[in-house]
Amino acid sequence: MARACVYTLIALTSTGTLCNGFVSSSTTLRKGTAPPGAGARSRNGVTSMIFDYPAPGVRKDYPRPPLEETSQNQRDSAAFSRSFLELPRPERPLKVAVIGAGLAGLSCAKYLSDAGHQPLVLEARDVLGGKVSAWQDKDGDWVETGLHIFFGAYPNVNQMFKELDIEDRLQWKSHSMIFAMPGQKTAEGFQRFSRFEFTDLLPAPLNGLVAILLNTEMLTLTEKIQFGIGLIPAILFGQKYVEECDCLTVTEWMKKQGVPDRVNDEVFIAMAKALNFIDPGNLSMTVVLTALNRFLQETHGSKMAFLDGPPPTRLCQPMADYMLAKGGELRTNQRVATILLNGDQTVKGLQMRDGSLVEADAYVSTMPVDVLKLMLPDQWRPMPYFEKLNGLSGVPVINIHMWFDKKLTTVDHLLFSRSPLLSVYADMSLTCKGYRDDEKSMLELVFAPAKEWIGRPDEDIIDATMGELYRLFPNEISKDGSGAKLLKYAVVKTPLSVYEATAGREAYRPVQTTPIRNFFLAGCFTKQKYLASMEGATFSGKLAAKALAEAAIAGTVPLVERAAALAA
């Protein structure tokens, strides 16, 4: 983090003239413009050889970035994966009951099978994915729990795609971060965007610094300097400072460091919503500094990709198939009723809602933290490890799908709405091969913060969303009904989603190894360096699998009688 911050401060304080002298940040491209080809391209009348992005309405995917060449985290992830295959083969493979078939549970099961053990994955619902689950409506259209974006700075997720040989399912987009400018229009009357564009000609952190410097609309040079000065403590004290900032909200940190309010208004409100679905006044500054650390220090860290279809079929099922091919088992519609204990407080078995009993050598819970707290046996609750879970709770999230009768002029990318109600959105009919429609648009939008809206009727939420879309699509969606018409919508409410990363939460996040010898935890709320994200969930499952496999080698996991285990 320190190295990235040093470069940031130097660049922000010494090269501001580059912003106005080189190229403007706002790109105005007419509808129907041919997609940029190789070589030079025009950008507000300035010819540039270093940027590559499609015009609005043009679909374009990009090759997978060379992550292994540019990211030590990616290389470390690959080595971590190999370590499971290199572990001594167990004389007696453990039967491990993994509760939950989300990314954490399936990741844990995958790596347990690599270590030579036999996972049994128990999923309460009839669909895989947990927080990335999806299902089809009566028309056959897919409805997702959330708008899921994959980053170059997700080493364990990217490694998972590689190990499953499904890398081609990620649709990589231009290396840009694109912010809507609500209320502002192009000369043609369409929504205006402000871009942070990362050139492939420069390594990290220089490519990020150029992206910041070339954007002259969202922050002035003076504001960039003040923000850079505010980062000086991070420069001097590095990761220790990043972790200490967990006691401050983003807003408190900005005030303490003398960062202008406009930095919050222009950048951090949108960033906070995208990172944890809450506002800067609540979000821990550690979350923001951690994200900046990942994005600035990895050349392709901020590059984004969309999955080419619904996560349950395009990612989760291959994870399950891998585990099944190695002798694992998957049971759906299996909801845990009670965790049964032995006299020494280790887990004896899982009493299921259907009356069946599941017994195993070891157990891994990937249940959301709010569900886990409800399921804890009374004997465990006073233990400090479990007691501190009371400091964690899920954040409410609303994901919206809106189908329109005609094509909207938007961009083949994730878009930060910068509206008071919406976090990010994308036209999935453009960005995702599996949802492609050349005649109509399907917007997927994240409604955040959702705390005050989660209990309100869907119609109220759609009305409020439409109010924002009138500003985001001023030339296409009209209040008088003369523009694009809404054909149907789906509102997906998750009252308790990923853990709410408010100030001070880091102290409450548990490691994957519990005080109970045969009980382990995984999930994005557990301790790992990627916070509440798909990467965090996947990595946590990997960490839990490694902890369990090593405990098996050490002989600290009490084995059940094989006959009893098999009877389950």
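- To the nearest 0.5 angstrom, Leu307 atom CG is 9.5 Å from His148 atom NE2.
- Looking at Ser497, its side chain never comes within 3.5 Å of a backbone N or O of Thr494 through a donor-acceptor pair.
- The pair Glu217-Arg195 fails the salt-bridge criterion, with no side-chain N (NZ, NE, NH1 or NH2) lying under 4.0 Å from an Asp/Glu carboxylate O.
- Remark: Glu266 CD to Leu219 CG distance equals 6.5 Å, nearest 0.5 Å.
- Side-chain contact between Leu531 and Phe525 is absent, with no heavy-atom pair separated by less than 4.5 Å.
- Residue Lys488 forms a salt bridge (Lys or Arg N to Asp or Glu O under 4.0 Å) with just one option from Asp405, Asp458, Asp141, and that option is Asp141.
- Between Glu123 and Arg335, none of the side-chain N atoms (NZ, or NE/NH1/NH2) sits under 4.0 Å from a carboxylate O, so this pair counts as no salt bridge.
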Quiz prompt | From CA spacing to verdict: side chain to side chain contact (heavy atoms under 4.5 Å, CB included), Lys110, Glu163 | solution = CA-CA 10 Å; Lys110 189 268 187 194; Glu163 291 171 24; 2.4 Å; yes
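- Taking the ring centre of Phe151 as origin, the terminal cationic atom of Arg294 falls outside the region bounded by 6.0 Å and 45° from the ring axis.
- Rounded to the nearest 0.5 angstrom, Ile212 CD1 and Met218 CE are separated by 11.5 Å.
- Remark: Asp437 pairs with no residue by the salt bridge (Lys or Arg N to Asp or Glu O under 4.0 Å) rule, at least two apart or across chains.
- By the 4.0 Å N-to-carboxylate-O rule, Arg471 lies close enough to Glu468 to be salt-bridged with it.
- In this structure Phe161 satisfies the ring pair (Phe, Tyr, Trp, His ring centres under 6.0 Å) test together with Phe150, sequence neighbours excluded.
- Around atom NZ of Lys529, more than 12 heavy atoms belonging to other residues, nucleotides or ligands sit under 6.0 Å away.
- Under the 30°/60° scheme for interplanar angles, the aromatic rings of His401 and Trp403 are found to lie parallel.
- The side chain to side chain donor-acceptor pair (under 3.5 Å) test with Glu298 is passed by exactly one of Asn293, Thr70, Asn73: Asn73.
- Shown here are the ring pair (Phe, Tyr, Trp, His ring centres under 6.0 Å) partners of Phe404, two or more places apart in sequence or in another chain: there are none.
- Ion pair Lys60/Asp52 flagged as a salt bridge, since at least one NZ, NE, NH1 or NH2 atom sits closer than 4.0 Å to an Asp/Glu carboxylate oxygen.
- Ion pairing of Lys173 with Asp412 is present here, as a side-chain N (NZ or NE/NH1/NH2) and a carboxylate O approach within less than 4.0 Å.
- The aromatic rings of His175 and Phe198 sit parallel to each other, their planes meeting at less than 30°, with 60° as the upper class boundary.
- Looking at Thr409 and Glu476, their side chains do bring a donor and an acceptor atom within 3.5 Å of each other.
- Counting only residues at least two apart or on different chains, the ring-ring contact (aromatic ring centres under 6.0 Å, His included) pairs with a member in residues 409-429 are Phe179-Phe416.
- Rounded to the nearest 0.5 angstrom, Ile178 CD1 and Ser194 OG are separated by 10.0 Å.
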Atom pairs and distances, side-chain donor-acceptor, residues 449-457, under 3.5 Å, sequence neighbours left out:
none

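- Distance check, rounded to the nearest 0.5 Å: CE of Met177 to CE of Met271 gives 6.5 Å.
- Among Ser540, Ser107, Ser77, the single residue meeting the side chain to side chain donor-acceptor pair (under 3.5 Å) criterion with Asn156 is Ser77.
- Contact record, Ala134 with Val127: O-CG2, 3.3 Å, taken as the closest heavy-atom pair.
- Note that CZ of Arg436 is 4.5 Å distant from CG of Asp438, once rounded to the nearest 0.5 Å.
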Exercise. List the steps, then state whether side chain to side chain contact (heavy atoms under 4.5 Å, CB included) holds for Tyr154 with Ile149.
Key: CA-CA 10 Å; Tyr154 281 2; Ile149 306 299; over 6 Å; no
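- Within the structure, every pair that satisfies the salt bridge (charged side-chain N to carboxylate O under 4.0 Å, His left out) test and touches residues 142-162, not counting sequence neighbours, is listed here: Glu68-Lys162.
- Other residues, nucleotides and ligands place more than 12 heavy atoms under 6.0 Å from the CG atom of Asp463.
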Practice problem: Could you give me the CA-CA distance, side-chain angles and deciding distance for Phe227 and Gln257, then say whether side chain to side chain contact (heavy atoms under 4.5 Å, CB included) is met? | Solution: CA-CA 8 Å; Phe227 180 39; Gln257 299 304 117; over 6 Å; no
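- Ion pairing of Asp168 with Arg64 is absent here, as no side-chain N (NZ or NE/NH1/NH2) approaches a carboxylate O to less than 4.0 Å.
- Between Asp308 and Arg314 a salt bridge is recorded (basic side-chain N to carboxylate O distance below 4.0 Å).
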